[in-house]
Amino acid sequence: MPTVLITGASSGIGRATALALAQRGWRVLAGVRREADGRALRQAAGPAVEPVLLDVTNPAHVRAAAEAVDRWTGAAGLQGLVNNAGIAAAGPVELVPEAVWRHQLEVNVVGVVAVTRALLPALRRGRGRLVLMGSVAGLVALPFMGPYAASKFALEALADALRIELAPWRIQVCLIEPAAVATPIWARSVEVARRSLLPPPPDAAPVYQAAVAAMTRVAERNARRGLAPEVVAEAVVHALTARRPRSRYLVAPPGHARQIRLLRWLPTGLRDRLVGATVQRLLARSRTAPTGAKAVEPTEPGSG
Ligand SMILES: NC(=O)c1ccc[n+]([C@@H]2O[C@H](COP(=O)([O-])OP(=O)(O)OC[C@H]3O[C@@H](n4cnc5c(N)ncnc54)[C@H](OP(=O)(O)O)[C@@H]3O)[C@@H](O)[C@H]2O)c1
């Protein structure tokens, strides 16, 4: 029975991936941060899922997870590692406190590196595959999503480096790049912004307040109308099981995937004008429609 470890399996894409792999006969070590989440997942997925307490920013958890993998898999090692755990900090670059920037990069980038490094010996033993959960935000950075986009651009670079570094052991590295997916990440992101964004300088307040309101509308829409997490789970299954997995899986509705590919290759000036025009449309709409967004107000930095 092949074994996979998935980080961030309590909800959304991680949970859907755990269920999909368990159904296909994998033993799933499911990273969760609360025991109750582990129990709920096991109840839904059955005994093939083994919850592991794993906050990717906690070195003791990462060490313990690697030891648990060694105990469970022994010489057979690990056939898959899915670095899925992630958070999304959003807001105008000027208003996102440094503590939030640090936490964003700590979870989405350093956490991925820490878990990968700890589990590479088991992956080598098991001739396993490494999956990183990137995003279209790692291909085209949208304004007011700077911290999140920076973290996902970093994963693009990490995947490029690891693909070649791990080639001697034939460890395949696959990066999943989903567009908006309907998961709790959006509501969580809005909540972190609400708690943590700094007060704007007075002369910038109208611009930034409109931007935060528009951002909130987009998040609310994505939470309702994004792709189903199961669609992304299927891409992960392909990455782990296909005879010839792809290096990158852009998971998006066809029109959106074409837009992303085009934007990526356009000259910067033209790309900025197109993205800027979209943002202006969103801002115009948010000036006329009510949202759940509050004006940017001074609060304590949050961590997500
Ligand atoms: N939803 C989208 O539109 C979308 C699009 C592209 C890529 N992605 C990526 O997909 C991945 C999963 O996100 P999702 O959309 O499924 O959101 P989600 O439902 O909020 O899931 C995020 C998962 O990460 C876990 N997590 C957060 N901080 C963690 C930490 N420090 N250590 C370990 N686990 C942690 C969460 O655990 P708790 O429940 O304990 O907080 C949760 O299980 C993320 O990397 C995200 O960037 C999402």
Side-chain angles (χ1 to χ4, degrees), residues 5-20 29-38 40-41 51-62 64-65 82-90 100 102-115 118 131-142 145 147-156 158-159 175-192 218-233 235-236 248-253 256-257 260 302-304:
L5 185 133
I6 306 172
T7 64
S10 69
S11 63
I13 296 168
R15 184 177 192 277
T17 303
L19 293 174
L29 308 179
V32 293
R33 293 196 296 171
R34 285 169 296 272
E35 283 175 7
D37 290 336
L41 185 59
V52 179
L53 211 57
L54 178 52
D55 181 327
V56 299
T57 66
N58 183 328
H61 282 194
V62 174
V82 182
N83 278 296
N84 165 78
I87 56 171
V100 174
R102 287 205 176 88
H103 190 61
Q104 173 70 89
L105 297 174
E106 190 67 27
V107 175
N108 287 22
V109 184
V110 182
V112 171
V113 172
V115 171
V131 177
L132 308 183
M133 192 56 67
S135 165
V136 294
L139 299 172
V140 176
L142 296 181
M145 290 290 289
Y148 182 66
S151 76
K152 295 300 182 179
F153 265 72
L155 289 192
E156 295 280 329
L158 183 65
L175 184 65
I176 315 288
E177 300 164 325
V181 185
T183 72
I185 203 169
W186 295 102
R188 291 170 170 175
S189 169
V190 168
E191 178 55 22
V192 171
V218 170
E220 288 167 351
R221 194 194 58 204
N222 288 342
R224 284 193 313 273
R225 308 228 316 251
L227 295 167
E230 289 74 18
V231 175
V232 185
V236 178
R248 287 185 158 75
Y249 291 79
L250 178 53
V251 185
H256 190 187
I260 295 287
S303 65

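Atoms within each ligand, like the ligands themselves, are counted from 1 in listed order.
- Considering both main-chain and side-chain atoms, R33 comes within under 3.5 Å of ligand 1 through a nitrogen or oxygen pair.
- When all heavy atoms of A9 and A30 are compared, the closest pair comes out as CB-CB, 3.8 Å.
- The residue N222 has no part lying near ligand 1, judged by heavy-atom distances below 4.0 Å.
- Closest heavy-atom contact between A228 and V181: C-CG1, 4.0 Å.
- Interface atoms of ligand 1 facing G134, defined by a heavy-atom separation under 4.0 Å, are 6 (C), 7 (C).
- The closest non-hydrogen atom to atom 13 (O) of ligand 1, taken over L53, V107, I185, V232, comes from I185.
- Short contacts between ligand 1 and A179, defined as distances under 4.0 Å to a heavy atom of the residue, involve ligand atoms 3 (O), 5 (C), 6 (C).
- When each atom of ligand 1 is checked for a heavy atom of A9 under 4.0 Å away, the hits are 43 (O).
- Which of P178, A233, S10 comes nearest to atom 39 (O) of ligand 1 through a heavy atom is settled by distance: it is S10.
- Remark: N108 pairs with Q104, S151 by the side chain to side chain donor-acceptor pair (under 3.5 Å) rule, at least two apart or across chains.
- On a distance-only criterion, W186 and ligand 1 share at least one N/O pair closer than 3.5 Å.
- Less than 4.0 angstrom separates some heavy atom of I87 from each of these atoms of ligand 1: 27 (C), 28 (N).
- Ligand 1 has a nitrogen or oxygen under 3.5 angstrom from a nitrogen or oxygen of D55.
- A heavy-atom distance below 4.5 Å is not found between the side chains of S11 and T183.
- Of the possible donor and acceptor atoms, one in the side chain of S189 sits under 3.5 Å from a partner among the backbone N and O of A88.
- Counting heavy atoms from C-beta on, the side chains of L139 and L250 come closer than 4.5 Å.
- The closest approach between A182 and ligand 1 stays at or above 4.0 Å for every heavy atom of the residue.
- At least one heavy atom of P184 sits under 4.0 Å from some atom of ligand 1.
- By the 3.5 Å distance cut-off applied to N or O atoms, V181 is counted among the residues near ligand 1.
- Considering all non-hydrogen atoms of both residues, A180 and W186 come closest at CB-CZ2, 4.0 Å.
- Within the 4.0 Å heavy-atom criterion, the part of R34 lying near ligand 1 is the side chain and not the backbone.
- Closest approach of L132 to L155, counting heavy atoms only: CD1-O, 4.1 Å.
- Every atom of ligand 1 is numbered from 1 in the order shown, and the set under 4.0 Å from a heavy atom of G86 is 22 (C), 24 (O), 27 (C), 44 (C), 45 (O).
- The contact set between ligand 1 and Y148, taken as ligand atoms under 4.0 Å from a residue heavy atom, comprises 6 (C), 7 (C), 8 (N), 9 (C), 46 (C), 47 (O), 48 (C).
- Proximity of V218 to L142: side-chain heavy atoms (C-beta onward) are nowhere separated by under 4.5 Å.
- Ligand 1 has a nitrogen or oxygen under 3.5 angstrom from a nitrogen or oxygen of S11.
- Close approach to A180 involves these atoms of ligand 1, each under 4.0 Å from a residue heavy atom: 3 (O).
- Of the inter-residue distances, the one linking E156 atom CD with R248 atom CZ reads 4.5 Å to the nearest 0.5 angstrom.
- Shown in contact with G12 at under 4.0 Å from a heavy atom are these atoms of ligand 1, numbered in order with element: 16 (O), 19 (O).
- Applying the side chain to side chain donor-acceptor pair (under 3.5 Å) criterion to D37, with sequence neighbours excluded, gives R34.
- For I260 against V140, the heavy-atom pair with the smallest separation is O-CG2, 4.0 Å.
- Heavy-atom proximity to atom 12 (C) of ligand 1, evaluated over N84, T7, L132, V82, is greatest for N84.
- Nearest heavy-atom pair across A154 and V109 is CB-CG2, 3.7 Å.
- Heavy atoms of K152 found under 4.0 angstrom from ligand 1 belong exclusively to the side chain.
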